[in-house]
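Let me begin by presenting the structure, written as structure tokens, before commenting on it.
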Amino acid sequence: RRPAYRREGDFFLSGVRTVDAFRRLLGDPHSLLVVGFSYCHKPFECPSGRFTPDCTHDSTNPVCQQCFIGKMFHALPEERVIPLVIPTIHYVGERIFDIVHANPDKRVLFLITACEMSLQMFGDWGNMVGIQGIGVRLDGRICNTMRAFELSEKGVTDIFDRLGFHY
């Protein structure tokens, strides 16, 4: 079976053919954008905890001031946008499902960041609920094997944790 997305470089396009087509959908006043950030963006010192969907984005906290997610929460428009921090692929799938059903009069769109493995899995969730959007593939120190992904889904994100070292 074909994937539920179309790949264009680091973008996983779901239900849209191009990035420009997605931009046009964002202009629709009946659209609702879910912006999801992988917990991988969170600093280890995050006051909300790294492997959680929580984000205080406290502008007075020095850690939050440097955090990409905190900065984005403050930069996003308050209307027609729902920001999320994604601890697991199941979490974002369930939240998307809830958002779609709570907003039957809206076209729910998504823009999420995650590792390639998560984006491939999320394609099925998006396809099931019929939403359109773009997944942006993260690069760098990310899950590159199924074992690393399984460990990260359980909250084990550092090589020292995987080896049993506690610091």
Side-chain angles (χ1 to χ4, degrees), residues 3-26 31-59 63-78 80-100 107-129 131-146 148-158:
Y5 56 86
R6 190 174 77 74
R7 182 97 185 251
E8 192 173 289
D10 288 334
F11 296 143
F12 288 64
L13 306 170
S14 296
V16 292
R17 299 284 305 148
T18 65
V19 173
D20 284 337
F22 179 72
R23 283 188 189 120
R24 285 191 295 277
L25 291 173
L26 288 173
S31 67
L32 178 64
L33 178 63
V34 177
V35 181
F37 303 97
S38 172
Y39 74 91
C40 301
H41 288 292
K42 285 179 143 188
F44 287 108
E45 305 82 16
C46 177
S48 299
R50 187 155 191 259
F51 191 73
T52 71
D54 304 324
C55 179
T56 59
H57 51 276
D58 178 2
S59 59
V63 174
C64 298
Q65 289 173 354
Q66 299 302 313
C67 176
F68 170 73
I69 296 173
K71 290 176 184 179
M72 291 305 299
F73 269 55
H74 290 287
L76 289 170
E78 292 183 24
R80 298 188 313 137
V81 176
I82 299 174
L84 299 175
V85 177
I86 305 168
T88 69
I89 200 64
H90 296 294
Y91 172 83
V92 72
E94 290 171 10
R95 292 286 297 144
I96 291 283
F97 188 80
D98 292 342
I99 291 166
V100 166
R107 176 194 303 254
V108 178
L109 305 171
F110 70 87
L111 179 63
I112 64 172
T113 66
C115 68
E116 185 167 341
M117 202 172 301
S118 293
L119 292 174
Q120 289 171 353
M121 291 183 206
F122 181 73
D124 290 332
W125 277 99
N127 194 35
M128 282 189 287
V129 294
I131 63 170
Q132 299 164 291
I134 299 177
V136 181
R137 183 181 71 91
L138 293 177
D139 204 358
R141 283 189 65 203
I142 58 167
C143 304
N144 54 4
T145 66
M146 191 58 183
F149 178 79
E150 289 169 350
L151 287 169
S152 75
E153 288 280 295
K154 294 177 183 167
V156 179
T157 59
D158 188 88

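- To the nearest 0.5 Å, the span separating CZ on Arg137 from CE on Met117 amounts to 12.0 Å.
- Here the straight-line distance linking atom NE2 of His90 with atom CE of Met121 works out to 7.5 Å at 0.5 Å rounding.
- Under the 4.5 Å side-chain criterion, counting only non-hydrogen atoms from C-beta, Phe110 is in contact with Ser14.
- Ion pair Glu116/Arg7 flagged as a salt bridge, since at least one NZ, NE, NH1 or NH2 atom sits closer than 4.0 Å to an Asp/Glu carboxylate oxygen.
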| Is there a side chain to side chain contact (heavy atoms under 4.5 Å, CB included) between Ile134 and Val19 once you walk through the steps? | CA-CA 8 Å; Ile134 299 177; Val19 173; 4.2 Å; yes
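- In this structure, CD1 in Ile96 is found 6.5 Å from CG in Leu84, a value given to the nearest 0.5 Å.
- Between Val85 and Thr52, the closest side-chain pair of non-hydrogen atoms is not below 4.5 Å.
- Summarising the local packing, CZ of Phe97 is surrounded by 12 or fewer heavy atoms from other residues, nucleotides or ligands at distances under 6.0 Å.
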| Step by step, would you call Val34 with Leu109 a side chain to side chain contact (heavy atoms under 4.5 Å, CB included)? | CA-CA 6 Å; Val34 177; Leu109 305 171; over 6 Å; no
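- Just one residue in the list Tyr39, Phe37, Phe73 forms a ring pair (Phe, Tyr, Trp, His ring centres under 6.0 Å) with Phe68, and that residue is Phe37.
- No side-chain heavy atom of His57 sits under 4.5 Å from any side-chain heavy atom of Ile69.
- The side chain to side chain donor-acceptor pair (under 3.5 Å) with Ser31 is formed by just one residue from the set Arg107, Arg80, Gln132; it is Arg80.
- Contact detail for Val108 and Ile131: the closest heavy-atom pair is O-CB, 3.4 Å.
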| message | Apply side-chain hydrogen bond (donor to acceptor under 3.5 Å, both in side chains) to residues Lys42 and Ser48 and explain how you reach the verdict. | response | CA-CA 9 Å; Lys42 285 179 143 188; Ser48 299; 5.3 Å; no
| task | Apply ring-ring contact (aromatic ring centres under 6.0 Å, His included) to Tyr5 and Phe122, showing your working. | result | CA-CA 9 Å; Tyr5 56 86; Phe122 181 73; over 10 Å; no
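- Phe11 places none of its side-chain heavy atoms less than 4.5 Å from the side chain of Arg6.
- The side-chain heavy atoms of Ile112 and Val35, taken from C-beta on, include no pair separated by under 4.5 Å.
- For the pair Phe22 and Leu33, the minimum side-chain heavy-atom distance is below 4.5 Å.
- At a threshold of 4.5 Å between non-hydrogen side-chain atoms, the residues Pro47 and Asp58 do not count as touching.
- Across all non-hydrogen atoms, the minimal contact from Gly133 to Val16 is O-CG2, 3.9 Å.
- Here the closest non-hydrogen pair linking Leu138 and Ser38 is CD1-CB, 3.8 Å.
- How far CZ of Phe51 is from SG of Cys40: 9.0 Å, rounded to the nearest 0.5 Å.
- Checking His74 against Ser59 by side-chain atom types alone, no donor-acceptor pair falls below 3.5 Å.
- Rounded to the nearest 0.5 Å, atoms NE2 (His41) and NZ (Lys71) are 13.0 Å apart.
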